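All of these numbers come straight from a predicted model, not from anything done at the bench. Scope of the values below: all heavy atoms of this structure, side chains included, with no hydrogens, waters or symmetry mates.
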Amino acid sequence: QVQPVESGGGSVQAGGSLRLSCDVSRVVYASAGWFRQAPGKEREAVATIGMEEDTSYSAAVKGRFTISRDNAKTTLYLYMNNLKPEDTAMYYCVADPGLARSLELLHLSPGPYGWWGQGTQVNVSS
């Protein structure tokens with residue numbers, strides 16, 4: 001199945017760190033990023049990266065999370081530091097072929113031709 005594939009989720013105590021990875025080699029995209037959804041809450045954007053390596057972050061994670069990708073643009077990363085219990089959620093890797101800027105993807109979410117991974121769970125305990 002052609003879609004991004006996430007890895008790296010797990011359980012950590014508050015204040016800890018995790019790194020999520022996403023294989024985006026199977027999809028053609030312009031911008032990519034991470035979204036999350038906690039139980040009983042709406043899905044929200046977390047961090048995105050655009051064609052020109054511009055990055056955007058939600059207010060909830062800015063200063064704690066860092067998005068990056070490898071030079072070949074086949075693997076996306078999310079470095080999560082100083083994790084809080086409210087960061088507990090399913091994290092989804094996304095990619096979109098039409099939205100070139102990180103801010104566009106952050107605010108608009110992937111379009112009809114965009115890609116979503118299956119998700120990886122992150123649990124942060126207090």
Side-chain angles (χ1 to χ4, degrees):
Q1 190 171 359
V2 180
Q3 66 182 128
V5 180
E6 305 96 336
S7 61
S11 297
V12 66
Q13 287 191 326
S17 300
L18 280 175
R19 186 189 76 170
L20 304 184
S21 300
C22 178
D23 179 357
V24 288
S25 63
R26 296 178 181 85
V27 301
V28 176
Y29 71 98
S31 60
W34 297 90
F35 282 59
R36 69 185 182 186
Q37 187 167 21
K41 294 188 177 181
E42 291 189 359
R43 192 164 53 197
E44 62 176 351
V46 175
T48 54
I49 187 165
M51 285 187 68
E52 302 299 324
E53 306 302 314
D54 51 297
T55 57
S56 297
Y57 297 91
S58 70
V61 306
K62 195 169 186 178
R64 300 187 296 121
F65 291 12
T66 302
I67 187 171
S68 67
R69 61 185 166 195
D70 65 343
N71 289 336
K73 298 185 178 181
T74 58
T75 305
L76 194 67
Y77 301 101
L78 184 67
Y79 295 86
M80 305 185 293
N81 297 316
N82 190 22
L83 282 160
K84 303 176 181 180
E86 50 263 44
D87 295 317
T88 294
M90 183 71 79
Y91 283 71
Y92 297 92
C93 177
V94 305
D96 191 278
L99 300 175
R101 300 182 179 181
S102 61
L103 206 56
E104 292 176 319
L105 184 59
L106 192 77
H107 290 305
L108 299 177
S109 295
Y113 300 104
W115 307 94
W116 289 81
Q118 295 282 358
T120 184
Q121 182 69 36
V122 171
N123 295 312
V124 184
S125 59
S126 58

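Partners of P97 under the side-chain contact (heavy atoms from CB on, under 4.5 Å) rule, at least two apart in sequence or in another chain, are Y113. Checked against side-chain contact (heavy atoms from CB on, under 4.5 Å), S58 has the following partners two or more places apart in sequence or in another chain: A60, V61. Among residues two or more places apart in sequence or in another chain, the side-chain contact (heavy atoms from CB on, under 4.5 Å) test is passed with E53 by I49, R69, K73. For D70, there are no salt bridge (charged side-chain N to carboxylate O under 4.0 Å, His left out) partners, not counting sequence neighbours. The side-chain hydrogen bond (donor to acceptor under 3.5 Å, both in side chains) check on S102 picks up D54, S56, with sequence neighbours excluded. Partners of E42 by salt bridge (charged side-chain N to carboxylate O under 4.0 Å, His left out), not counting sequence neighbours: none found. Shown here are the side-chain contact (heavy atoms from CB on, under 4.5 Å) partners of N81, two or more places apart in sequence or in another chain: S17.
In the hydrophobic clustering of this structure, M90 groups with V94; members are Ile, Leu, Val, Met, Phe, Trp, Tyr whose side-chain heavy atoms approach within less than 4.5 Å, directly or through other members. V24 is not connected to V28 by any chain of hydrophobic side-chain contacts under 4.5 Å among Ile, Leu, Val, Met, Phe, Trp and Tyr, and they are in different clusters.
Rounding to the nearest 0.5 Å gives a distance of 10.5 Å between CD of Q121 and CG of L20. With values rounded to the nearest 0.5 angstrom, L76 atom CG is found 7.5 Å from S68 atom OG. With values rounded to the nearest 0.5 angstrom, S109 atom OG is found 11.0 Å from E44 atom CD.
The ring pair (Phe, Tyr, Trp, His ring centres under 6.0 Å) pairs that include a residue from residues 5-27 number zero, where partners must be two or more places apart or lie in different chains. Pairs engaging residues 25-51 under the ring pair (Phe, Tyr, Trp, His ring centres under 6.0 Å) rule: F35-W116 [sequence neighbours left out]. Under the ring pair (Phe, Tyr, Trp, His ring centres under 6.0 Å) criterion, no residue pair touches residues 86-108, with sequence neighbours excluded. Residue pairs meeting the disulfide bond (SG atoms under 2.5 Å apart) criterion with at least one member in residues 61-126, sequence neighbours excluded: C22-C93. Applying the ring pair (Phe, Tyr, Trp, His ring centres under 6.0 Å) test to residues at least two apart or on different chains, none of the pairs has a partner in residues 43-82.
One N or O on the side chain of T120 and one on the backbone of G9 form a donor-acceptor pair closer than 3.5 Å. Panel note: side chain Q118, backbone E6; no donor-acceptor pair is recorded below 3.5 Å.
A47 and I67 make their closest contact through O-CD1, 3.6 Å (heavy atoms, listed as atom of the first residue, atom of the second, distance). For N123 against T88, the heavy-atom pair with the smallest separation is OD1-CG2, 3.5 Å. In terms of heavy atoms, G50 sits closest to S31 at CA-CB, 4.1 Å. Nearest heavy-atom pair across Q37 and A89 is O-CB, 3.5 Å. Between V12 and G16, the closest heavy-atom pair is CG2-CA, 3.8 Å. In terms of heavy atoms, A100 sits closest to E104 at N-OE1, 3.2 Å.
Proximity of P110 to L105: side-chain heavy atoms (C-beta onward) are separated by under 4.5 Å at one or more points. Contact of the R26 side chain with the Q3 side chain is not registered, since no non-hydrogen atoms from C-beta on lie closer than 4.5 Å.
A side-chain contact (heavy atoms from CB on, under 4.5 Å) with T48 holds for exactly one of L103, L108, L106; it is L106.
Annotation: Q13, atom CD; neighbour count of heavy atoms from other residues, nucleotides and ligands within 6.0 Å does not exceed 12.
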After noting the C-alpha distance and the side-chain angles of R64 and D87, does the key distance pass the side-chain contact (heavy atoms from CB on, under 4.5 Å) rule?
CA-CA 11 Å; R64 300 187 296 121; D87 295 317; 2.7 Å; yes
